Asks: 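The structure is given below, and queries will be raised subsequently.
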Amino acid sequence: MKVRKISDLVDWTRLMHHLLAEHLAANTDQNKDELARMLLAYVADHEAALAKIIDGFEARADPKALNTWMYDYLEHRKVDLARLSEQPFSEMTFDEICGSVFDAHNQAIELYRDLLGRADILEAKELLRSLLSIEEHETMRLAQQINRSRVN
């Protein structure tokens with residue numbers, strides 16, 4: 001997906017969460033570890049919900065911000081969603097699943113931080129700050145839920 005405007009970035013984010021949800025859900029039943037299966041199901045639901053949040057977020061966003069052009073960001077920070085499918089989730093351990101999911105989230109967070117630092121237009125900064133906040137908050141919430149499941 002070519003990202004030229006902030007609206008493309010929002011689409012990329014929604015697609016990332018949607019694809020992650022699909023990959024997780026498709027591999028849930030095949031994983032041999034019960035705790036890993038529960039994690040896959042939970043995170044798949046979380047990612048699907050997050051994709052819907054991003055979708056609704058775009059509908060309410062400032063059109064001026066969404067139409068802001070971004071130049072040369074891919075040369076600076078290459079985002080690699082292909083890493084999501086390097087190893088099937090059905091073959092991963094609980095910790096490997098966590099590592100893969102948090103890798104995807106951290107890529108988005110790093111990208112938003114980088115773009116926020118380079119944005120010139122106030123509306124674009126506000127939109128990027130909101131997207132960054134959503135990603136950070138949801139990643140922390142997911143980490144807390146996963147840590148709770150380890151204790152129980």
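Nothing here was measured: the structure is a model prediction, and the numbers come from that model.
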Asks: What distance do Met92 atom CE and Ile97 atom CD1 have between them, rounded to the nearest 0.5 Å?
Replies: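 Here the rounded value is 7.0 Å.
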
Asks: Do the side chains of His46 and Arg141 get nearer than 4.5 Å, heavy atoms only?
Replies: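 A side-chain contact under 4.5 Å exists here.
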
Asks: Check the hydrophobic clustering (I, L, V, M, F, W, Y; side-chain heavy atoms under 4.5 Å; chains of links allowed) and say if Leu35 and Phe89 are grouped together.
Replies: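 Both belong to a single hydrophobic cluster.
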
Asks: CH2 of Trp69 to OG of Ser7: how many Å apart, nearest 0.5 Å?
Replies: 8.5 Å

Asks: Between Asp29, Asn27, Thr28, which is the residue that forms a side-chain hydrogen bond (donor to acceptor under 3.5 Å, both in side chains) with Ser90?
Replies: Asn27

Asks: Is Arg37 paired with Asp33 through a side-chain N to carboxylate O contact shorter than 4.0 Å?
Replies: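 Looking at Asp33 and Arg37, the cut-off is not met.
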
Asks: Do you know which of Thr13, Ile134, Leu127 makes side chain to side chain contact (heavy atoms under 4.5 Å, CB included) with Tyr112?
Replies: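 Result: among Thr13, Ile134, Leu127, Thr13 is the only option passing the side chain to side chain contact (heavy atoms under 4.5 Å, CB included) with Tyr112.
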
Asks: Checking Ser100 side chain against Glu96 main chain: does a donor-acceptor pair fall under 3.5 Å?
Replies: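 No, because the side chain of Ser100 does not come within donor-acceptor range (under 3.5 Å) of the backbone of Glu96.
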
Asks: Is any NZ, NE, NH1 or NH2 atom of the basic residue among Glu136 and Arg113 found under 4.0 Å from an Asp or Glu carboxylate oxygen of the other?
Replies: yes

Asks: Considering only heavy atoms from C-beta outward, does the side chain of Glu47 approach that of His105 to under 4.5 Å?
Replies: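 Heavy-atom side-chain distance check passes, below 4.5 Å.
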
Asks: What heavy-atom pair brings Arg14 and Ala51 nearest, and what distance separates the two atoms?
Replies: CG-O, 3.6 Å

Asks: Under the 3.5 angstrom rule, does the side chain of Glu110 hit a backbone N or O of Gln107 as a donor-acceptor pair?
Replies: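 Checking the backbone N and O of Gln107 against the side chain of Glu110, no donor-acceptor pair under 3.5 Å is found.
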
Asks: Is the side chain of Asn31 donor-acceptor paired with the backbone N or O of Leu40 at a distance under 3.5 Å, no angle test?
Replies: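 No, because the side chain of Asn31 does not come within donor-acceptor range (under 3.5 Å) of the backbone of Leu40.
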
Asks: Indicate the atoms forming the closest heavy-atom contact of Ala119 with Lys125, along with that distance.
Replies: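 Here Ala119 and Lys125 meet closest at O-CE, 2.7 Å.
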
Asks: Measure across Ala25 and Ala44 and return the closest heavy-atom pair with its distance rounded to 0.1 Å.
Replies: N-CB, 3.7 Å

Asks: Salt bridge check: are Lys5 and Asp8 linked by an N-O gap of less than 4.0 Å?
Replies: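 No.
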
Asks: If hydrophobic clusters are built by linking Ile, Leu, Val, Met, Phe, Trp and Tyr wherever their side-chain heavy atoms come under 4.5 Å apart, do Met140 and Leu132 end up in the same one?
Replies: no

Asks: How long is the gap from NZ on Lys32 to OG1 on Thr93, to the nearest 0.5 Å?
Replies: 13.5 Å

Asks: Which distance, rounded to the nearest 0.5 Å, do you find between the CG of Leu131 and the CD1 of Ile109?
Replies: 11.5 Å

Asks: Determine whether Ile146 and Phe102 make a side-chain contact, defined as any pair of heavy atoms from C-beta on separated by less than 4.5 Å.
Replies: yes

Asks: Using atom types as modelled and distance alone, determine if a side-chain donor or acceptor of Ser130 lies under 3.5 Å from a backbone N or O of Glu126.
Replies: yes

Asks: When hydrophobic residues are tied together by side-chain contacts of less than 4.5 Å, even through go-betweens, does Ile121 share a cluster with Leu9?
Replies: no

Asks: Within a strict 4.5 Å, meaning less than it, do heavy atoms of the Asp103 and Asn106 side chains meet?
Replies: no

Asks: Do Val10 and Leu66 have side-chain heavy atoms sitting under 4.5 Å apart?
Replies: yes

Asks: Same cluster or not: Leu122 versus Ile6, using hydrophobic residues (I, L, V, M, F, W, Y) connected whenever any side-chain heavy atoms lie under 4.5 Å apart?
Replies: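 No, because Leu122 and Ile6 fall into different hydrophobic clusters, even though each may have its own neighbours under 4.5 Å.
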
Asks: What is the distance from atom CZ of Arg60 to atom CG of Asp55, rounded to the nearest 0.5 Å?
Replies: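 One gets 9.5 Å once the value is rounded to the nearest 0.5 Å.
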
Asks: Is any side-chain heavy atom of Tyr42 closer than 4.5 Å to one of Leu24?
Replies: no

Asks: Measuring centre to centre across the rings, with the benzene-like ring taken for any Trp, is His23 within less than 6.0 Å of His18?
Replies: no

Asks: Work out which heavy atom in Lys64 is nearest to a heavy atom in Thr68; give both atom names and the distance.
Replies: O-OG1, 3.0 Å

Asks: Restricting to non-hydrogen atoms, name the atom on Gln87 and the atom on Glu91 that form the minimum distance, rounded to 0.1 Å.
Replies: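 Looking at all heavy atoms of both residues, the shortest contact is NE2-O, 3.6 Å.
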
Asks: Once rounded to the nearest 0.5 Å, what's the spacing between atom SG of Cys98 and atom CG of Leu39?
Replies: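 The distance works out to 5.0 Å.
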
